[in-house]
Amino acid sequence: MSVEEFNKVQARGYDAQAVFFLNAFWVEMGKEAESVYKWTKKFIDLDKNSGKPDGTSLDEFWSHKFLETVGEALTVLKMREMLREIDINNDKRMSVLEYLTYHYHQTIGELLSRPQGINEMLIKAQEALETVRAEIAKIEKRKSELEVLAAGSGVKANGAKNELQQLLNADPTDLNRTLITAEAAIRKAQKSPDINSQGALWWVTRELEEAKKYKPQKKQ
């Protein structure tokens, strides 16, 4: 097993780690994809809450928090023992890749030996998803700008309030167009026989499902 090679995979970030694992073990673990997805998003949430987001792994405190959320109610001593088993590269942190390997009783050697597939149709689907995300980010950016302006007073503030209300209630034409394009790209990618990229394909499909639920929310 190459710890250096493992560290390179781990440095890709939480989502990419999960996709790498699912690609490698799709035949065995494909049915577990939704659990892997939810756990990965929990890693990301905890990382953001930590105040010092790392983007690739959780420190001991937040690792313990994660283990608690998945039903591993352990004493600090037992938790540290478990983390020592999970922590493959001995950096006293826990990555998605390390947790999944431990939880599903796999080895890093086997993980790294499995092929990682990619194809043109999958790349186009991933690019289409990024276009959707960019459109959502654009809406959120404008919403934030309007919220700041609307908090003031006078004609400018009133105009911002009106525009903000329109934004919150509007049917987002540009976003809808990007969603339709992404759905079409995914349908094409799903026709690929490449078994080694099924994890990545499942992930982009699942992420698009989440994007379709998006609606700008009024600031509380």
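All values below come from the heavy atoms of this structure, side chains included, with hydrogens, waters and symmetry mates left out. None of these values were measured; they are calculated from a predicted model.
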| Going by an N to O cut-off under 4.0 Å, is there a salt bridge joining Asp45 and Lys48? | no

| query | Would you find a donor on one side and an acceptor on the other, under 3.5 Å apart, between the side chain of Lys143 and the backbone of Lys218? | reply | no

| said: For a quick check under 3.5 Å, do Asp194 and Ser197 share a side-chain donor-acceptor pair by atom type? | reply: yes

| query | Does a donor on one side chain and an acceptor on the other come within less than 3.5 Å for Ser95 and Gln10? | reply | yes

| Salt bridge present between Lys212 and Glu207 (N-O < 4.0 angstrom) | no

| said: With a 4.0 Å cut-off on N to O distance, would you call Arg93 and Glu60 a salt bridge? | reply: no

| query | Are the ring centres of Phe66 and Phe43 closer than 6.0 Å? | reply | yes

| query | Do the rings of Trp26 and Trp202 sit parallel, tilted or perpendicular, given the 30° and 60° boundaries? | reply | tilted

| Taking the inter-plane angle between the rings of Trp39 and Tyr99 on a 0 to 90° scale, is it parallel (under 30°), tilted (30 to 60°) or perpendicular (over 60°)? | perpendicular

| query | Do Glu130 and Arg133 meet the salt-bridge criterion of a basic N to acidic O distance under 4.0 Å? | reply | yes

| query | Do Glu32 and Tyr37 meet the criterion of a side-chain donor-acceptor pair at a distance under 3.5 Å? | reply | no

| message | Whether Lys213 and Glu210 form a salt bridge (side-chain N of Lys/Arg under 4.0 Å from carboxylate O of Asp/Glu) is what I want to check. | response | yes

| message | Evaluate Glu5 against Lys8 for salt bridge (charged side-chain N to carboxylate O under 4.0 Å, His left out), listing each step before the verdict. | response | CA-CA 5 Å; Glu5 188 178 352; Lys8 287 179 181 178; over 6 Å; no

| query | Would you say the side-chain atoms of Ser63 pair up with the backbone N or O of Leu58, donor to acceptor, closer than 3.5 Å? | reply | yes

| task | Apply side chain to side chain donor-acceptor pair (under 3.5 Å) to Asn23 and Asn196, showing your working. | result | CA-CA 5 Å; Asn23 275 346; Asn196 298 318; over 6 Å; no

| said: Give me the atom names and distance for the closest heavy-atom approach of Met29 to Leu22. | reply: O-CD2, 4.1 Å

| field | Considering all heavy atoms, the nearest Ala200-Gln126 contact | value | CB-NE2, 4.1 Å

| What's the shortest heavy-atom distance between Val204 and Ile186, and which atoms? | O-CD1, 3.9 Å

| query | Hey, mind stepping through Glu34 and Arg206 against salt bridge (charged side-chain N to carboxylate O under 4.0 Å, His left out) and telling me if it holds? | reply | CA-CA 9 Å; Glu34 183 62 27; Arg206 183 65 176 80; 2.8 Å; yes

| task | Over all heavy atoms of both residues, which pair between Ala189 and Ala125 is shortest? Give the atoms and the distance, please. | result | CB-CB, 4.3 Å

